[in-house]
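Scroll down for the structure; my scribbles are underneath it.
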Amino acid sequence: MRFTVSSTAISSKLNALSRVINSKNSLPILADFVFDIQNGMLQLTASDSENVMKTQVELTECDGDGRFAIASHNLLEAVKGFSEQPITFDVDLQANIVKILYQNGLFSLPIESADEYPQTQTIGDGATTIVISNALLAENINRTLFATAQDELRPVMNGLYFDLSQECLTIVASDGHKLVRNKIMSIQGEQPAAFIMPKKPASLLKNLLGKDGGDVIIRFDERNAQINYGDGELTCRLIEGRYPNYNSVIPQNNPNQLTVDRQSLLAALRRVQPFANNSSNLIRFHVEGGTLQLDAEDYDFSKTATERMLCEYNGQPMSIGFKGSSFIEILSTFDCQEVIIQLADPSRAGLVLPSEQPENQDVLMLMMPMLLND
């Protein structure tokens, strides 16, 4: 069996698929790519047993159909340095060898039977379907992924929660100290349904989406989700369990409202943060009148920093502590000019919102305060 394909086309596809493969695998064949040639199309597959990614490449020439597996590391190293040119795979399924011919030479690699490769999990007949634009899903994953936890005792916190209702689709992430809630008003479900996507497939999608238009189709049941995007497909095992009631922790009445330039606050936090205590990363926000003052201190190393900036503030004078690195992460995910920070008192959660909400969306981020040593 022989087939010819563009070197840059297959190289970009293999690089994307390689992110699925673990450095250590439960089955040796999971370190391989699967090549499946059918009717002039090449389907490439990679898996870590819980996540399976597939993509297609159109062949320029092909003289037959067949399937085989080839070690991912060797193939990636071989093709990544090619300039744009046709490369031909000459496959001998009897001898389990593939010769790869290019303009200035050839190399050969061993192949394995693809029959040993684990089968992709199927989605049940009663699956729920969500259709969302490529760019919108990418935007929401980018905005929420940083807030997921790494908690062995509460694995449900280690992923993105997709909550579909008759009003909207809500995407939530939280580690118990910070929370991101995105409501997408343009997507509704006939019946309430929800799933928790693990961090790894969400990260894979983050790198794959947003590069072209079109829609993403998500089908999910109680155990698995299948995401179809462009010319690719990702099937992932979901996190099982009940996600906490995120609405119950969002304060409904934070009367003290602070409006400040996002870029100015982000730059100030980055300047002040290195002076905070390494273990707590505590930064004191003191707001009064039209001035916001940021204070960081690390008495163990005799370091302090103070910076003042102008703001708009309606409320009582207040000092409240927040973790500097988490606040920087929150501000970095927005792209608005100004942010609104809503506060109640130094012991209750603060809310961070964009001054202008994205179209058909409602974005809210929550930060738990830290105890100040007055």
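No experiment lies behind these values; they were computed from the predicted model shown.
- The CZ atom of Phe220 lies 4.5 Å from the CD1 atom of Ile130; values are rounded to the nearest 0.5 Å.
- Between the side chains of Asp163 and Tyr246, at least one donor N or O lies within less than 3.5 Å of an accepting N or O.
- Using a 4.5 Å cut-off on side-chain heavy atoms (C-beta onward), Ser7 and Val79 make no contact.
- The heavy-atom pair separating Cys236 from Ile227 by the smallest distance is SG-CD1, 4.2 Å.
- The closest side-chain donor-acceptor pair between Asn22 and Asn25, if any, does not fall under 3.5 angstrom.
- The distance from the CD1 atom of Ile171 to the CZ atom of Arg143 is 9.0 Å, given to the nearest 0.5 Å.
- The main-chain N or O of Gly40 is never found under 3.5 Å from a side-chain atom of Glu58 such that the two would form a donor-acceptor pair.
- Heavy-atom minimum distance, Ser280 versus Met370: O-CE, 3.2 Å.
- Using bins of under 30°, 30° to 60° and over 60° for the plane-to-plane angle, the ring pair Phe3/Phe35 lands in the tilted bin.
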Quiz prompt | side chain to side chain contact (heavy atoms under 4.5 Å, CB included) assessment of Leu366 paired with Met368 | solution = CA-CA 7 Å; Leu366 176 148; Met368 297 300 294; 3.9 Å; yes

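- For the atom pair Leu204 CG and Asn51 CG, the distance stands at 6.5 Å (nearest 0.5 Å).
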Practice problem: Please report the C-alpha distance between Asn158 and Thr148 in whole Å, then the side-chain angles of each, then the deciding distance to 0.1 Å, and finally whether the side chain to side chain contact (heavy atoms under 4.5 Å, CB included) criterion is met. | Solution: CA-CA 5 Å; Asn158 299 344; Thr148 53; 5.9 Å; no

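- Checking Gln273 against Asn281 by side-chain atom types alone, a donor-acceptor pair falls below 3.5 Å.
- Phe322 and Phe327 have tilted rings, their planes meeting at an angle from 30° to 60° on a 0 to 90° scale.
- With values rounded to the nearest 0.5 angstrom, Asn278 atom CG is found 5.5 Å from Lys303 atom NZ.
- Remark: Gln38 CD is packed, more than 12 non-hydrogen atoms of other residues, nucleotides or ligands lying under 6.0 Å away.
- A salt bridge is defined here as a Lys NZ or Arg NE, NH1 or NH2 lying under 4.0 Å from an Asp or Glu carboxylate O, and Lys99 with Asp92 fails to meet this definition.
- Judged purely by atom type and a 3.5 angstrom limit, Asn228 has no side-chain atom pairing as donor or acceptor with the backbone of Glu233.
- For the pair Thr60 and Val5, the tightest heavy-atom approach, listed with the atom from each and the gap, is OG1-N, 3.9 Å.
- A donor-acceptor pair under 3.5 Å is formed between the side chain of Gln85 and the backbone N or O of Gln103.
- Proximity of a side-chain donor or acceptor of Tyr117 to a complementary backbone N or O of Ser47 within less than 3.5 Å is detected.
- In terms of heavy-atom proximity, Thr120 sits nearest to Val52 at OG1-CG1, 3.7 Å.
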Could you pull out all donor-acceptor pairs under 3.5 Å where a side-chain atom in residues 330-339 meets a protein atom, sequence neighbours excluded?
from: Ser332; atom 1: OG; to: Arg270; atom 2: NH2; distance (Å): 3.4
from: Ser332; atom 1: OG; to: Ile328; atom 2: O; distance (Å): 2.7
from: Thr333; atom 1: OG1; to: Ile330; atom 2: O; distance (Å): 2.7

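- Put simply, the side chain of Asn256 gets close to the backbone of Ala344: a donor and an acceptor are under 3.5 Å apart.
- Using a cut-off of 4.0 Å between Lys/Arg side-chain N and Asp/Glu carboxylate O, Arg2 and Glu61 are scored as not salt-bridged.
- A donor and an acceptor atom, one from each side chain of Gln56 and Asp231, are nowhere located under 3.5 Å apart.
- The closest side-chain heavy-atom distance from Leu265 to Leu292 is below 4.5 Å.
- Side-chain contact between Tyr161 and Val156 is absent, with no heavy atoms from C-beta onward closer than 4.5 Å.
- In this structure, the salt bridge (charged side-chain N to carboxylate O under 4.0 Å, His left out) partners of Glu77, at least two apart in sequence or on a different chain, are Lys80.
- Between the Ser264 side chain and the Asp261 main chain, no donor and acceptor come within less than 3.5 Å of each other.
- Gln166 and Gln188 share no donor-acceptor pair across their side chains, judged by distance under 3.5 Å alone.
- Of the residues Lys200, Arg223, Arg237, the one that meets the salt bridge (Lys or Arg N to Asp or Glu O under 4.0 Å) test with Glu50 is Arg237.
- For NZ of Lys13, the number of neighbouring non-hydrogen atoms (other residues, nucleotides, ligands) closer than 6.0 Å is greater than 12.
- Hydrophobic clustering places Val20 together with Leu76 (ILVMFWY residues linked when any side-chain heavy atoms are closer than 4.5 Å, directly or through intermediates).
- Between Leu372 and Arg284 the shortest heavy-atom distance is CD1-NH1, 3.9 Å.
- Cluster membership for Ile37 and Ile10, using ILVMFWY side-chain heavy atoms within less than 4.5 angstrom, is shared.
- Side-chain contact of Thr306 with Gln293: a donor-acceptor pair under 3.5 Å is absent, judged by distance alone.
- Between Ser165 and Thr170 the shortest side-chain heavy-atom distance does not fall below 4.5 Å.
- Side-chain contact check for Ser174 versus Met157: some heavy-atom pair is nearer than 4.5 Å.
- Side-chain atoms of Lys178 do not come within 3.5 Å of backbone N or O of Ala173 as any donor-acceptor pair.
- Using a 4.5 Å cut-off on side-chain heavy atoms (C-beta onward), Met197 and Leu205 make contact.
- Side chain to side chain, Thr8 and Glu84 meet the donor-acceptor criterion of an N or O pair below 3.5 Å.
- In this structure, Ile70 and Asp32 have side chains that are not in contact, with every pair of non-hydrogen atoms separated by 4.5 Å or more.
- Leu160 and Ile196 are members of different hydrophobic clusters when ILVMFWY side chains are connected at heavy-atom separations under 4.5 Å.
- A distance-only check finds no donor-acceptor pair linking the side chain of Lys183 to the backbone of Glu167 [under 3.5 Å].
- Judged by distance alone, the side chain of Gln121 and the main-chain N or O of Gln119 form no donor-acceptor pair under 3.5 Å.
- The distance from atom CD1 of Ile29 to atom CD of Glu116, rounded to the nearest 0.5 Å, is 5.0 Å.
- When hydrophobic clusters are built by joining Ile, Leu, Val, Met, Phe, Trp and Tyr residues whose side-chain heavy atoms come closer than 4.5 Å, directly or via intermediates, Phe82 is grouped together with Leu109.
- Environment of CG in Leu27: crowded, with over 12 heavy atoms of neighbouring residues, nucleotides or ligands closer than 6.0 Å.
- The shortest non-hydrogen separation linking Thr128 to Leu164 is CG2-CD2, 4.0 Å.
- Heavy-atom contacts from other residues, nucleotides or ligands closer than 6.0 Å to CD of Gln357 number more than 12.
- We find the CG-OG1 distance between Asp221 and Thr122 to be 8.0 Å, quoted to the nearest 0.5 Å.
- The main-chain N or O of Ala31 is found under 3.5 Å from a side-chain atom of Ser72 such that the two form a donor-acceptor pair.
- Contact of the Met309 side chain with the Glu307 side chain is not registered, since no non-hydrogen atoms from C-beta on lie closer than 4.5 Å.
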